[in-house]
Amino acid sequence: MIRLEVDTTDPVTRRQVEKLFGATWQLRRALQRQAGTRVDAYWAAGRLRSSEDGPKLARERFGLSRSSLEQAAAGHVDRSGWLGRHLTKALAMHLADEVWETVDRHLFADKIGNRHGRPRVGTWWASTRIPGRARSHTKPNTWETFRLVGSLDAYRTTFPAQRPSRIPVPARPPGLRGWWDYDGPLTVVFPGAGPRPDLVLPVRLPHGPAKQSRLQHFLGRPQVWHKIDLVRVEDPKAPGGWRYYAHLMILDHGWTSPSVREQRVAAPRDRVGGVDGNVSNLAVASMPADPTAPGGLHTSMVAVDDVQRAAAEQVRLTARRRQRALDRSRRNSNPGQYELSKRQQKRATRRADAGLLVRQVPTPLGPRVANAAGIPKQAYRRDRLSAAYRRRRAEHAAAGRSGTQAKQARAQHIARTVVTEHGPNLVVEHTNIRAWAKLWGRGIALFSPGMLIAALKLECAVAAGQLLRAGTTQTALSQQCPCGVRAKKPLGQRTHRCGCGIVGDRDVVAAAMGACVQLADPDQPGTARINETLRAALAARIASTGLQEVLARSTATTGTPPRVPAGTAAPHQRRGASAEQTRAVTTGRTATPDETPRKRRPRGNARARKLHAVDPGVELRLNS
């Protein structure tokens with residue numbers, strides 16, 4: 001799938017798109033309410049459902065089926081004149097299919113016996129996507145909803161130099177075939193019927209030379225175009241406060257740059273590795289899968305340095321200032337929904353005792369006005385919000401999205417670097433990162449080990465490998481030594497020391513022990529066991545000349561990867577295991593503040609601290 005930005009600078013076109021999203025939201029909300037009432041009636045008819053075929057009869061009686069919801073959607077369009085001026089029945093029935101999916105997940109359990117909750121009614125701000133129907137590949141010129149017309153060559157010919165600030169809206173070609181005879185730049189069209197005009201959205205493409213091969217892969221072959229969804233993203237800098245995109249799905253695989261393909265092909269398949277995920281770092285170690293092969297032990301460490309921590313703290317403070325400004329704006333617009341703070345109440349009492357006039361407080365700083373159960377008397381969605389509040393809220397959301405996307409791109413960059421050096425066959429402990437977030441919320445949000453491990457899993461899969469999860473009870477990698485001794489270590493002990501003479505970083509040793517783990521069933525972490533043959537081979541490699549230092553040093557010759565834009569391939573790393581090529585990493589370090597266990601549980605307000613308050617775009621560096 002590729003995301004195509006559409007141009008809505010034309011006021012008439014932008015007004016059409018806004019009305020289309022408004023009509024779609026109204027219809028979706030009506031269908032969600034109908035689905036909720038029908039589900040309630042279904043569960044209330046317990047006597048009807050008690051018979052053998054009762055559930056089926058009850059679903060038929062209350063209209064709980066895909067076809068019933070589609071008929072309801074078509075009926076809404078027929079009975080409402082204004083809906084027919086913006087929507088088509090094909091689009092309405094496709095919306096009904098999406099609502100039915102929520103009902104289906106609620107009525108029928110999945111393969112492990114879980115069911116979703118009752119269908120809910122969505123909000124206007126959450127209605128950001130209009131699904132389109134797929135085109136027919138057996139009948140020519142058949143697009144039921146959104147269609148893509150034009151060609152990539154015509155776009156390059158029309159706009160050869162640079163990306164235009166405003167793209168003119170093309171006119172419908174004359175003749176009965178209409179848009180099927182259009183041969184201009186790429187355009188998304190939602191055809192009208194009767195009095196409804198065509199919705200024409202010109203496509204805006206990037207002009208960078210590095211992106212042309214990707215555009216050619218998705219847009220150069222019209223025969224593989226399959227489906228288009230219209231999506232909006234809140235952006236205060238865009239005209240109207242929203243930026244619109246067309247998500248085009250093609251009947252082919254995704255695009256991969258040549259450099260990334262070369263890296264994945266060059267990834268060593270004859271190695272096994274282990275990954276030790278931590279709150280503030282990620283250690284990786286690998287060795288040849290053949291126990292008789294000499295040497296070949298490599299280690300890497302991913303961590304966050306002080307500069308990145310300072311930058312993340314600055315971004316967190318900026319986000320906190322925006323949140324405080326949003327809170328002040330909401331209180332100013334809704335003073336009757338908040339109580340006075342203790343200080344304001346004391347001041348009001350002193351003025352009353354002194355016989356002075358009551359002073360109106362413009363911004364009450366107390367808690368929300370609530371009932372005896374602590375529930376606010378007025379829902380937040382019913383508050384009055386100023387235009388500045390909505391604009392600042394959109395800026396806050398845009399900054400969060402931008403940081404999250406950058407963080408995901410850098411996680412993919414690090415995952416490719418790790419797989420290129422250590423191979424796609426890795427083992428990681430099966431831990432509950434959600435439990436970590438309760439103790440180290442801010443630290444784990446800064447480093448994000450879960451995102452890194454998820455990127456590693458995906459990269460291993462596309463490189464013809466697999467990232468396996470091993471149960472901690474069966475393996476206890478942090479307590480193991482390559483010599484075979486198992487000893488418990490407190491969390492504050494970050495250096496591994498054993499009587500056999502092996503001394504190294506605790507996380508690196510645990511990662512090296514992960515390379516010795518094998519699973520009887522790859523899908524069951526509880527079947528993980530340490531292979532004694534691989535453990536003995538690991539001990540022999542460490543005991544060989546110069547390899548004792550790999551547990552305290554990184555054997556990869558390249559240092560910290562440069563700060564590259566999202567999607568740029570990681571630099572190729574040479575492999576080496578000699579002491580002359582190594583570069584020291586943190587060895588014998590004390591516990592970091594994020595890793596030190598607390599003596600007492602944090603207070604509720606500290607535990608409930610939002611994770612996204614930390615900079616989601618902090619760059620992780622591979623010290624290898």
Open item on the list: Check the orientation of His217 and His253. Use parallel for under 30°, tilted for 30 to 60°, and perpendicular for over 60°.
Closed with: tilted
TODO: Kindly assign one of parallel, tilted or perpendicular to the pair His207 and Tyr155, based on the angle between their ring planes and the thresholds 30° and 60°.
DONE: tilted
Taking the side chain from [X] and the backbone from [Y], do they hold a donor-acceptor pair closer than 3.5 Å?
X: Lys227; Y: Leu248; answer: no
X: Thr318; Y: Gln314; answer: yes
X: Ser286; Y: Val272; answer: no
X: Arg232; Y: Tyr244; answer: no
X: Arg214; Y: Ala210; answer: no
X: Ser402; Y: Ala399; answer: no
X: Gln493; Y: Thr495; answer: yes
X: Gln480; Y: Thr475; answer: yes
X: Arg271; Y: Ala289; answer: no
X: Asn278; Y: Leu282; answer: no

Closest non-hydrogen atom pair between [X] and [Y], with its separation:
X: Arg535; Y: Cys481; result: NH1-O, 2.8 Å
X: Gln474; Y: Pro525; result: OE1-O, 4.2 Å
X: Pro449; Y: Ile444; result: CD-CG1, 3.5 Å
X: Pro291; Y: Ala537; result: O-CB, 3.7 Å
X: Phe146; Y: Ile228; result: CD1-O, 3.8 Å
X: Leu538; Y: Cys516; result: CD2-SG, 3.7 Å

- [ ] Can you establish whether the number of heavy atoms outside Lys489 located under 6.0 Å from its atom NZ is more than 12?
- [x] yes
TODO: For His247, look at atom NE2 and say whether over 12 heavy atoms of other residues, nucleotides or ligands are found less than 6.0 Å away.
DONE: yes
In terms of side-chain geometry, is the basic nitrogen of [X] or [Y] positioned less than 4.0 Å from the acidic oxygen of its partner?
X: Arg129; Y: Glu98; result: yes
X: Asp276; Y: Arg506; result: no
X: Arg469; Y: Glu429; result: no
X: Arg264; Y: Glu459; result: yes
X: Arg316; Y: Glu313; result: yes

Within the structure provided, determine whether [X] and [Y] are in side-chain contact (heavy-atom separation under 4.5 Å).
X: Leu215; Y: Ile2; value: yes
X: Gln223; Y: His137; value: no
X: Arg243; Y: Glu234; value: no
X: Val509; Y: Asp507; value: no
X: Leu467; Y: Ile453; value: yes
X: Thr128; Y: Val233; value: no
X: Cys460; Y: Asn425; value: no
X: Gln466; Y: Pro424; value: no

TODO: Output all residues satisfying side-chain hydrogen bond (donor to acceptor under 3.5 Å, both in side chains) with Asp252, sequence neighbours left out; order by chain, then residue number.
DONE: Arg221
Task: With sequence neighbours excluded, residues passing ring-ring contact (aromatic ring centres under 6.0 Å, His included) with His116 - done: none
TODO: Please list, chain by chain and in numerical order, all residues satisfying ring-ring contact (aromatic ring centres under 6.0 Å, His included) with Tyr245, sequence neighbours excluded.
DONE: none
- [ ] Would you please test Leu219 and Leu205 for side chain to side chain contact (heavy atoms under 4.5 Å, CB included) and show each step?
- [x] CA-CA 11 Å; Leu219 305 176; Leu205 299 179; 3.9 Å; yes
TODO: Kindly determine whether Phe447 and Val279 satisfy side chain to side chain contact (heavy atoms under 4.5 Å, CB included), including the steps that lead there.
DONE: CA-CA 7 Å; Phe447 183 68; Val279 176; over 6 Å; no
Distance (rounded to the nearest 0.5 Å) between [X] [atom1] and [Y] [atom2]:
X: Leu519; Y: His430; atom1: CG; atom2: NE2; answer: 11.0 Å
X: Trp242; Y: Asp235; atom1: CH2; atom2: CG; answer: 10.5 Å
X: Arg416; Y: Glu421; atom1: CZ; atom2: CD; answer: 15.5 Å
X: His226; Y: Ile250; atom1: NE2; atom2: CD1; answer: 11.0 Å
X: Glu262; Y: Ser257; atom1: CD; atom2: OG; answer: 9.0 Å
X: Trp255; Y: Met1; atom1: CH2; atom2: CE; answer: 15.5 Å

Open item on the list: Consider side chain to side chain contact (heavy atoms under 4.5 Å, CB included). Of Leu452, Val284, Asn281, Thr417, which one does Val302 pass it with?
Closed with: Leu452
Open item on the list: Between Met301 and Val508, is the side chain to side chain contact (heavy atoms under 4.5 Å, CB included) condition met? List the steps.
Closed with: CA-CA 8 Å; Met301 180 77 74; Val508 178; 3.7 Å; yes
Task: Check against side chain to side chain contact (heavy atoms under 4.5 Å, CB included), Phe218 and Arg3 - done: CA-CA 10 Å; Phe218 284 99; Arg3 187 179 69 170; over 6 Å; no
